[in-house]
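Inspection log for the structure reproduced underneath, given as structure tokens.
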Amino acid sequence: MSEATYIAAIREALVEEMERDARVFCIGEDIGHFGGAFKATEGLLEKFGRGRVVDTPIAEGLILGVAIGAAVRGLRPVAEMQFADFVACGFSQLAYNASTFHYRLGVSVPMVVRLPSGGHVGGGPFHSKNPEAWFTHTPGLKVVAPATPRDAKGLLLSAIRDPDPVIYLEQKYLYRREKDELEGVEAIPFGRASIAREGQHATVVTYANTVSMALAAAETLAARGYEIEVIDLRTLVPWDWETVVRSVDKTGRVLVVHEATRTSGFGGEIAATIADLAFDRLDAPVRRVAALDTPTPAEKQMESYVLPDADKIEAALTDLLLY
Amino acid sequence: MSEATYIAAIREALVEEMERDARVFCIGEDIGHFGGAFKATEGLLEKFGRGRVVDTPIAEGLILGVAIGAAVRGLRPVAEMQFADFVACGFSQLAYNASTFHYRLGVSVPMVVRLPSGGHVGGGPFHSKNPEAWFTHTPGLKVVAPATPRDAKGLLLSAIRDPDPVIYLEQKYLYRREKDELEGVEAIPFGRASIAREGQHATVVTYANTVSMALAAAETLAARGYEIEVIDLRTLVPWDWETVVRSVDKTGRVLVVHEATRTSGFGGEIAATIADLAFDRLDAPVRRVAALDTPTPAEKQMESYVLPDADKIEAALTDLLLY
Amino acid sequence: MITSRRIERRVIDLYRQGIITGGCYTGIGNEATSVATAFPLAEHDVLVPTHRDMGSHVVRGHTPVQIMQQYLKRATGQTRGKDSSLHMGREGSNIVGMISHLAHMAPVAVGVALAERQLGRNSCVLTTVGDGATSLGDFHEALNFAAVQKLPVLFVIVNNQYAYSTPVSLQYACDKLSDRAAGYGMPGETVDGTDAVEVYDAARRAYTRGRRGEGPTLIESVTMRARGHSEHDDFKYVPSDLLEAWWRWDPIERFERYLEEHHVMTAEERRSVGEDVDHEIERAIDIARADPMPTPESGADGVYRYWEPRWTVPSGEDWELEP
Amino acid sequence: MITSRRIERRVIDLYRQGIITGGCYTGIGNEATSVATAFPLAEHDVLVPTHRDMGSHVVRGHTPVQIMQQYLKRATGQTRGKDSSLHMGREGSNIVGMISHLAHMAPVAVGVALAERQLGRNSCVLTTVGDGATSLGDFHEALNFAAVQKLPVLFVIVNNQYAYSTPVSLQYACDKLSDRAAGYGMPGETVDGTDAVEVYDAARRAYTRGRRGEGPTLIESVTMRARGHSEHDDFKYVPSDLLEAWWRWDPIERFERYLEEHHVMTAEERRSVGEDVDHEIERAIDIARADPMPTPESGADGVYRYWEPRWTVPSGEDWELEP
Ligand SMILES: Cc1ncc(C[n+]2csc(CCOP(=O)(O)OP(=O)(O)O)c2C)c(N)n1
Ligand SMILES: Cc1ncc(C[n+]2csc(CCOP(=O)(O)OP(=O)(O)O)c2C)c(N)n1
Ligand SMILES: [Mg+2]
Ligand SMILES: [Mg+2]
């Protein structure tokens, strides 16, 4: 049995769902013969034909609008943005059209928007976005953010099957970093965090890119005698507050980590919620580690300075443990 | 000396700045002869001519892009969106172009985007948005949200003079509700909250529409012997955390209130920050009152159910005071 | 046409009486276009209308009762008070409900056509925009992609001389808006939008082409917006002689003359039809007014098609961890 | 042209050696258009270029040293490592720096022209997009408004047959992209983009019209992208005979033949110019390589033109309330 990368897992989920359900199709820029900028759709055109792998002109608002139109007619479009950054060009279709359809008219909009997100790849200010907070603040959208190849596959299966519009944040940084055995991966229900590492001294709540960084920090701290629990939320709307509160019951200390910029990021929501729900159980303030409030600089060392990493997580945890 | 409404205060600030500084001009849909959907620019075309009151086709991305172009050439555009909701159509120009210009190239982008925001006016899902969290999460933009006619004028003066792009959230609900004496209103520096009411039992941190609701709730609670401090942040990026922390020093209890939907709203940022910075000074969890996580329904009673109001603030404060 | 006109006359009455609230846009002056473009659609064809298309709603089977339930924001209305006016189109119908953001339904219409083709149905799609909405990029993106994909979409531009207060001279600089068709590689035609027969013929040609696989068509239908943008608007900006001149081209009177001249219907027969229609409308108003209003709480319903209760994050006092 | 070509050849070398990182887009094949459209610009005219416009950057005075400092992400580069490649254009220059989001500079160019007019300068503006970027709504919005306002903007479409992997047949369905001009009410022309003289003449005509107040012009310049989208791209999707055929139309060779035939420059003179250029480029590379890298910390600088330290919200352990 072979292991697969994160991007291969995405492709595998697409293929399986397209084989299983004739309503599923892909739409985006350069996704046909070329297989997409990151090769997520490689070979799909040959396999499924032009009707189900639809190459579009460069127009993100169009792609999203077309996906909405197809979804309300009963198809299950999976739209690819070439980079998450470009979803900003079609923002209104998600923020007002896809997200309100069911609310207004009871019409289901089963679409998925795949967003190659995140930094640590030298992408600079226009190819590094972590846009989750734009969508977590938009009722009517669901938002998922897998951190491992297995979750990438399992969450994409569920996203495609979900009757609501799902924003699927995939991490360019993770595309080819690690491999998982994908055998037996099923659709992963939304709203269930996974405990990536157990511990009793402090809890890290995170998702996507920063999960592996948090695990690395936990590893280092383990050598110093601290057991850190790392919770990978996996889905942000809905998010699994229960698992987090349970963990805080045990640890009394929480660090929230994400790669998106700090101010008004989704970490604020998590931290505010936990600080409220677990007020009596906290031995220290809920802290956050996130990117500095800047665009993402292109030069690698500047980028590292601005983005979170294992060292910064470790430092923040150390502070927290000594509080 | 006459009193002026919130919308008149906006108009007055525009006129004064346009008279003072020939670089200032207005751009938007229906802002010329018609004077704008809400009449903020009434009479300006006649006064300043077509060169400085620029009616555009319906294209929000265009308006914002043109404003950016004019701003980098040294003018000071004030762009009007007909409703805040439609800024979503030009989101990428703000999220990526205006906000990164100075960071990338050291080029100043002195523009203001006026966003008629908010609910309680029966506007339904497409004319009721409180979009601040889209922008507070975008480094490079400043965000202001006046709650009174005086602040509407003073903050618009500063916004126009500011060398950075400023998102100016104005509240439709407040346009014609209350009047202030505008005599002597000067530019209000960003990052300075105003204490709308002093008190020692609990602090409400809020801005825009919900300031008057919080004051009403405070009034009711005063009759029951509780003195509530109401802090009107006035500007969100930057925001005046110091004034809030100082207040918490005194009260030990904080309620964060805004009209935008709750999840991932700017209230999460405020609550998370206060719960961290004031951890030792809090006698109760930092709570939030915000809109339910839904689009804004059109029918009035449904809208009232979904949005915050004085009663809901009072109920949450009561909970908090008894905690 | 007559149903459309008479419903809208009553809508205006009800608006003036404060029984209908919110924006009140009518298609008075536009009936020939709205009705005659929808008339040749087959049952399985799909309508993606805009805010002045009462005519096509009626043609496609929305009854006066349904329309009044919607306008009166009754619990029995299609959007159950969540949205208003012509934002109609429930699941399973061949009408896709619009959002307010102009031109945003154009890409959706293209998506519908794409889906219909994929589903093996040879359906045509009719979608309309105003002269103002042509300025939005979304419209451009939709036309272009429909042409590339040779999809059977009829794009109708209702050029009624104004977009809110903005005359066409500030909206675009070409001679005819159908001049844009060549730039997309599709046929374009400008028709007299007050002449139902001319519009009908043009629309039928477009559908025939579409069904033959020859792709989309652009029709500019020239008419006049006979009233203000919304009923609150006194439309002083429209020169009165222009308006007067226009009334001589009232599409309904023209069509009545046509019917008479061609001996299709006598004045007597028309009177009797008119009476039936009026009767039906009054009945519809009575039914709708007797229908219950939606409950306030229902404002929070239906944001998602699928949502588990445990996914909702608790706020405030009362919550327990599930066992 | 020769400077542009030779710089880019060296950029490719440096990219292959890993000295230049990130996306590596070149304008090889596009020199005639980029140079000849910029050549007739007056000093005070403004250039709003795109990602393959090395040619116009050079014409407008960006030196090889500046270019190499930028590409090598040096502290001395225009964006100081924050952004990369041709995203150049500092304050005070008559070049406006681009963002990656395609077509987003088109409305900005229109805004520049509007500002120049308002400032009483009779400046023309040159802006370019690719065939792919024409599909974005932003381009449409910009053309339309420039025409309405009769602004002296030259819009150049560099039709180089591909947008990333997407051939023009999937991008649009019209014959010539200049066919779109009529739909905006502006003149349009398709020129041979490999013939510098033809391009130059067309551009000059456009500027003359612009200066006379006759408004914008659309030029489609047909050429070929001689390399992959970015240097990592093997462009297998381009049929090899197409590429080979194209090299016979290399704009530089054509122009050299022209110079020779018209006795402007002998082969000998060209060789000597070429040597000077090469020498200058090598010197520039040496200078840039010797220049310091930006400090990591500078990645957080300059997000705003004006920001007070007290506005920054503290995070983590160390903070004190100001007295
Ligand atoms: C994106 C967007 N911007 C602005 C508006 C506000 N608005 C609603 S209708 C309208 C005028 C539309 O004019 P037109 O397209 O000509 O249609 P008409 O009302 O004349 O039929 C405007 C500006 C909107 N709904 N959407
Ligand atoms: C809005 C947006 N979508 C997608 C991209 C990714 N992208 C960068 S260049 C490019 C192709 C551009 O093609 P074209 O406009 O023809 O210019 P060319 O590169 O061929 O000169 C794409 C798709 C982008 N930069 N911006
Ligand atoms: Mg109109
Ligand atoms: Mg190209």
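All chains are named by letter (A, B, ...) in the order of the sequence lines, taking the proteins before the strands, and each is independently numbered beginning at 1.
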Toward chain D, the part of Leu141(B) with a non-hydrogen atom under 4.5 Å: backbone

Region of Ser84(D) that comes under 4.5 Å of a non-hydrogen atom in chain B: neither

Heavy-atom pair with the smallest gap, counting every atom of Gly97(D) and Phe101(B): O-CZ, 3.5 Å

Separation between OH of Tyr304(D) and OG of Ser99(B), rounded to the nearest 0.5 Å: 8.5 Å

Where His102(B) and Gly302(D) come nearest, the two heavy atoms and their spacing: ND1-O, 2.9 Å

Side chain / backbone / both / neither for Arg80(D) at chain B, heavy atoms under 4.5 Å: neither

Residue Arg192(B) versus chain D: region with a heavy atom under 4.5 Å: side chain

Pairs touching residues 243-252 of chain B that satisfy salt bridge (charged side-chain N to carboxylate O under 4.0 Å, His left out), sequence neighbours left out: Glu229(B)-Lys250(B), Glu242(B)-Arg246(B), Asp249(B)-Arg281(B)

Distance (rounded to the nearest 0.5 Å) between Tyr103(B) OH and Asp301(D) CG: 8.0 Å

Donor-acceptor contact present, side-chain Trp311(D) to main-chain Phe190(B), <3.5 Å: yes

Chain B contact via His140(D) - which portion, at a heavy-atom distance below 4.5 Å: neither

4.5 Å side-chain heavy-atom contact, Thr56(B) and Gln149(D): no

Sub-4.5 Å side-chain heavy-atom contact between Glu141(D) and Pro57(B): no

Step-by-step side-chain contact (heavy atoms from CB on, under 4.5 Å) determination, Leu62(B) to Asp138(D): CA-CA 7 Å; Leu62(B) 170 85; Asp138(D) 309 76; over 6 Å; no

Between Leu277(B), Val245(B), Ile58(B), Val107(B), the one whose heavy-atom pairs under 4.5 Å with chain D are most numerous: Leu277(B)

Verdict with supporting geometry, Asn97(B) and Val108(D), side-chain contact (heavy atoms from CB on, under 4.5 Å): CA-CA 9 Å; Asn97(B) 211 346; Val108(D) 173; 3.6 Å; yes

Side chain, backbone, both or neither of Val48(D) within contact of chain B (heavy atoms, under 4.5 Å): neither

Contacting region of His104(D) [heavy-atom separation from chain B under 4.5 Å]: both

Val54(B), part contacting chain D, at a heavy-atom distance under 4.5 Å: side chain

Most contacts with chain B, counted as non-hydrogen pairs under 4.5 angstrom, among Ala115(D), Pro107(D), Ala106(D): Pro107(D)

Closest contact, heavy atoms only, Arg310(D) versus Gly191(B): NH1-O, 3.9 Å

Contact leader toward chain D among Gly106(B), Gly90(B), Pro238(B), Pro165(B), where contacts are heavy-atom pairs under 4.5 Å: Pro238(B)

Among Ser92(B), Gly61(B), Pro189(B), residue most engaged with chain D (heavy-atom pairs, under 4.5 Å): Ser92(B)

Donor-acceptor contact present, side-chain Tyr96(B) to main-chain Ser100(D), <3.5 Å: no

Side chain / backbone / both / neither for Leu75(B) at chain D, heavy atoms under 4.5 Å: side chain

Residue pair Arg73(B) / Asn94(D), side-chain heavy-atom distance below 4.5 Å: yes

Pairs of heavy atoms under 4.5 Å with chain B: top-ranked of Glu308(D), Arg117(D), Glu116(D): Glu116(D)

Interatomic spacing from CZ in Arg104(B) to CD1 in Ile99(D) - rounded to 0.5 Å: 6.5 Å

Backbone N/O of Arg305(D) and side chain of Asp164(B): donor-acceptor pair under 3.5 Å: yes

Between CD on residue Gln78(D) and CG on residue Leu105(B), distance to nearest 0.5 Å: 6.5 Å

Derivation of the side-chain contact (heavy atoms from CB on, under 4.5 Å) call for Trp319(D) and Asp276(B): CA-CA 11 Å; Trp319(D) 65 277; Asp276(B) 176 355; 5.5 Å; no

Student check: side-chain heavy atoms of Trp241(B) and Pro314(D) closer than 4.5 Å: yes

